[in-house]
Amino acid sequence: MMTEVTMTMSNLHPGFILIAVGLIALFVPKSLRRPVLAAGPLLGLGAVLTLAPGTNATLPFINGITLHYLHVDALSWIFALIFCMMAAIGGIYACHNSNRMEAFCSMTYAGSALGVTLAQDWLTLIFFSELMAATSLFLIWCKKTPASRQAGYRYLLVHMFGGNLLLAGIFLKVSAGDYLVMPLAQGPWDTAFWLICLGISINAAVVPLHAWLVDAYPEGTVTGSVFLSSFTTKVAVYCLIRIFAGTDFLIWFGVLMALYGACYAIMENDMRRLLSYHIVSQVGFMVAGVGLGTAMALNGATAHAFSHILYKSLLFMCAGAIIYATGIRKINQLGGLAKKMPFTFWCFVIAALSISGVPLFNGFISKSITISAVAAAHYGSVELLLQLAGVGTFLSIALKMIYFIFLAPDNGVVIKREVPKNMYVAMGIGATLCVLYGVYPELLYRYLPFTMEPYHPFTVDHITQSIEMLGMAMLPFMMYLPKMEPHTALSLDTDWFYRKPFAGIVTGLSYLCCAVSRALGNTWEVLYEKSMELSHNPMEFLDAKPLRNSPKYNPENYRTSIADPIMITLTILFCSLCYFMAII
């Protein structure tokens, strides 16, 4: 039963706490920013732990509308928990930064994610969703390179488009009197349904609406990309679970995402771009679970989102540490880093085994739930395709990245600067949690929001199936190792279909505007020159024949006839006389 409460210490909104941490980090000096970013998010985590399911805090709004800005149930609580955990880990990882704007945006971005998660009404949801888009943009622009500026503008345009679709759908819902966020999968599948679904799907990077992610995330700052990898798509997954659970066409979009991202990742040479494609792939497992809509599938999507945030952020933290230390992003330019960066190597191994679903790591205990749910629903082809996507994940990350970055012969990579200790601390925490949840899955399972039969991941069937899938990836990798080395090439993606035409439209409009500007400038110049000529000779306005050929006015050349002023005076007197006679 929902209870109306006022804001107290026992039900503080954790999102507001993180936004306050960001504001404090924006204004305090650098010496204080480190402890603020490291310790501040822990207050938000503490607030989540004190929130009781059933809490519903409200705020009066205009026209009698009430904003339900703090709604806690089992689903929103577990997402709020992992978001706060990630904000705390990311805050530690980024606390050495001197950029005030990045510190503010990273914490506000995390706080906005919590705002969406805990919102029960459409207006609060769209407000925090747009705040997420705005603050995440600056995590890309703070890198201050031409590539990041261009990627940021494209990111902005895509999210403006998606945000407007979502806003239009919400406007239709609110106009119809539906103020609260409710499941829409059962229909009607009206215009509002499709607008909201498309808006959320863009944020979830559903193929073919995914290219903004792999375009923008690799261009973010070293620490900003860690936050980017953790929130936007997972908030979208939460919204899909909340609103579109059981929408069956999402099953096949999820399968497409899982395969598409894994295939493109195999071809990639840029570390963070490769990892970004695997965000698309792993979110595909969650989207497929949402589409299936059973309790087990939805728990699988929730658990996998939880695990994904931990291991994907760890992968981005390790990649960021390598870029920070060496200045190199390309995989084929690296090698031999296992000896030069041993701690980063072991953290990366843990994250790679986690994302690959190896037993005793957290990816195994979450991914297997979704696959088991698909099998239980008798979607044999979906189960097979998701397993193949898992093979691609193991091939591109656990084998390709570990070997060519850490184990391959040294390419003469130089460690240009030492990695700050706080980055190592954050990586260590992330690696520990990946192992902890993998060994003790009940730490996660007890908080899953939907009621289902007890699930046991460590069965002979699950472990055997996992080992078989991993063996399928390892065998071709060992056989064709020389051909597996990545190389720099241009991978065309679906963004080509809007980047190229849009660039042509912008270029054409720019030329048109410049041409119009030049024409108006020339016109103004001609008018200016003619007015100056006339101002030099005002008698040009009169019918003064002696002056028609005179370039300038000279009073000695022209004396007006006395008849003109006499005629004007008589005319005025006559008109005045007629007027007075008329009114008498």
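Excluded from the calculations below are hydrogen atoms, water molecules and symmetry mates; all remaining heavy atoms, backbone and side chain alike, are included.
- Residues satisfying the salt bridge (Lys or Arg N to Asp or Glu O under 4.0 Å) criterion with R100, sequence neighbours excluded, are absent altogether.
- There is a side-chain donor-acceptor pair under 3.5 Å between T232 and Y109.
- Of all heavy-atom pairs between I200 and C239, the closest is CD1-CB, 3.8 Å.
- Using a 4.5 Å heavy-atom threshold, the side chains of F458 and P441 count as touching.
- Taking the six-membered ring for Trp and the full ring otherwise, F343 and Y424 have centroids separated by under 6.0 Å.
- Within the model, atoms OG of S366 and CG of N299 stand 12.0 Å from one another, a figure rounded to the nearest 0.5 Å.
- Annotation: side chain of R417 is not in contact with side chain of T326 (no heavy-atom distance under 4.5 Å).
- Side chains of I202 and V206 form no contact here, defined as non-hydrogen atoms less than 4.5 Å apart.
- Here the straight-line distance linking atom CD1 of I309 with atom CD1 of I89 works out to 10.0 Å at 0.5 Å rounding.
- Taking the six-membered ring for Trp and the full ring otherwise, the centers of H308 and F285 sit at least 6.0 Å from each other.
- When each of L240, T233, L256 is tested with V287 by the rule side chain to side chain contact (heavy atoms under 4.5 Å, CB included), just one qualifies, namely L240.
- Using bins of under 30°, 30° to 60° and over 60° for the plane-to-plane angle, the ring pair Y153/W141 lands in the perpendicular bin.
- A94 and N422 get closest at one heavy-atom pair: N-ND2, 4.1 Å.
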Report task. Applying side-chain contact (heavy atoms from CB on, under 4.5 Å), run through L407 and L337 and close with a yes or a no. Result -> CA-CA 7 Å; L407 302 179; L337 289 185; over 6 Å; no
Query raised in the report: Does the side-chain contact (heavy atoms from CB on, under 4.5 Å) test come out yes or no for C95 and R33, once each step is laid out?
Result: CA-CA 7 Å; C95 68; R33 195 174 305 124; over 6 Å; no
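- Looking only at atom types and distance, the side chain of H462 has a donor-acceptor partner in the side chain of T459 under 3.5 Å away.
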Counting only pairs under 3.5 Å, give me each side-chain donor-acceptor contact of residues 216-226, with atom names and distances, residues two or more places apart or in other chains.
{"unit_1": "Y217", "atom_1": "OH", "unit_2": "L228", "atom_2": "O", "d": "3.1"}
{"unit_1": "E219", "atom_1": "OE2", "unit_2": "R329", "atom_2": "NH2", "d": "3.4"}
{"unit_1": "T221", "atom_1": "OG1", "unit_2": "E102", "atom_2": "OE2", "d": "2.8"}
{"unit_1": "T221", "atom_1": "OG1", "unit_2": "G224", "atom_2": "N", "d": "2.7"}
{"unit_1": "T223", "atom_1": "OG1", "unit_2": "N97", "atom_2": "ND2", "d": "2.7"}
{"unit_1": "T223", "atom_1": "OG1", "unit_2": "E102", "atom_2": "OE2", "d": "2.3"}
{"unit_1": "S225", "atom_1": "OG", "unit_2": "Y217", "atom_2": "O", "d": "2.8"}
{"unit_1": "S225", "atom_1": "OG", "unit_2": "T221", "atom_2": "O", "d": "3.2"}
{"unit_1": "S225", "atom_1": "OG", "unit_2": "R272", "atom_2": "NH1", "d": "3.1"}

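- Side-chain contact between N332 and F404 is absent, with no heavy-atom pair separated by less than 4.5 Å.
- Contact check for V207 versus F253: no side-chain heavy atoms found under the 4.5 Å cut-off.
- For the residue pair S368/Y455, the side-chain donor-acceptor check at 3.5 Å is satisfied.
- The nearest pair of heavy atoms linking A265 to K400 is O-NZ, 3.4 Å.
- Two residues are said to be in side-chain contact when any heavy atoms from C-beta on lie closer than 4.5 Å; P342 and F406 fail this criterion.
- In this structure, a donor-acceptor pair under 3.5 Å is absent between the side chains of S510 and T507.
- Between the CD1 atom of I402 and the CZ atom of F345 there is a distance of 6.5 Å, given to the nearest 0.5 Å.
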Report task. Walk me through it: do W212 and R154 pass the test side-chain contact (heavy atoms from CB on, under 4.5 Å)? Result -> CA-CA 7 Å; W212 61 267; R154 292 190 292 269; over 6 Å; no
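- Here the CD1 atom belonging to I331 is positioned 12.0 Å from the CZ atom belonging to R273, to the nearest 0.5 angstrom.
- Without hydrogens or angle criteria, T464 side chain to D461 main chain gives no donor-acceptor distance under 3.5 Å.
- Side-chain contact between I328 and I322 is absent, with no heavy atoms from C-beta onward closer than 4.5 Å.
- No hydrogens or angles considered: nothing links the side chains of T370 and H304 as a donor-acceptor pair under 3.5 Å.
- In terms of heavy-atom proximity, I355 sits nearest to T393 at O-CG2, 3.7 Å.
- Although no hydrogens or angles enter the test, the distance criterion places no donor-acceptor pair under 3.5 Å between the side chain of S230 and the main chain of F83.
- K234 forms no cation-pi arrangement with F79, by the criterion of a distance under 6.0 Å to the ring centre and an angle within 45° of the ring axis.
- Atom CZ of F231 is separated from atom OG1 of T135 by 10.0 Å, given to the nearest 0.5 angstrom.
- Interatomic distance, L310 CG to F361 CZ, rounded to the nearest 0.5 Å: 14.0 Å.
- In this structure, the side chains of S354 and F364 stay at 4.5 Å or more apart for every pair of heavy atoms.
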Report task. Evaluate side-chain contact (heavy atoms from CB on, under 4.5 Å) for E130 paired with H159, printing each intermediate quantity in order. Result -> CA-CA 9 Å; E130 291 303 294; H159 280 278; over 6 Å; no
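- Of all heavy-atom pairs between G438 and I365, the closest is O-CG2, 3.7 Å.
- In this structure, D410 pairs ionically with K340, as a charged nitrogen and a carboxylate oxygen lie closer than 4.0 Å.
- Considering every non-hydrogen atom in both A258 and S281, the closest pair reads O-OG, 2.7 Å.
- Heavy-atom contacts from other residues, nucleotides or ligands closer than 6.0 Å to CD of E418 number 12 or fewer.
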Query raised in the report: Passes side-chain hydrogen bond (donor to acceptor under 3.5 Å, both in side chains), Y277 versus S396? Steps please.
Result: CA-CA 11 Å; Y277 271 116; S396 57; over 6 Å; no
Requested in this report: Dump the intermediate steps for side-chain hydrogen bond (donor to acceptor under 3.5 Å, both in side chains) on E468 and Q387, then the final yes or no.
Outcome: CA-CA 10 Å; E468 289 174 351; Q387 293 282 18; over 6 Å; no
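- Taking the six-membered ring for Trp and thresholds of 30 and 60 degrees, F306 and Y437 have ring planes more than 60 degrees apart, a perpendicular arrangement.
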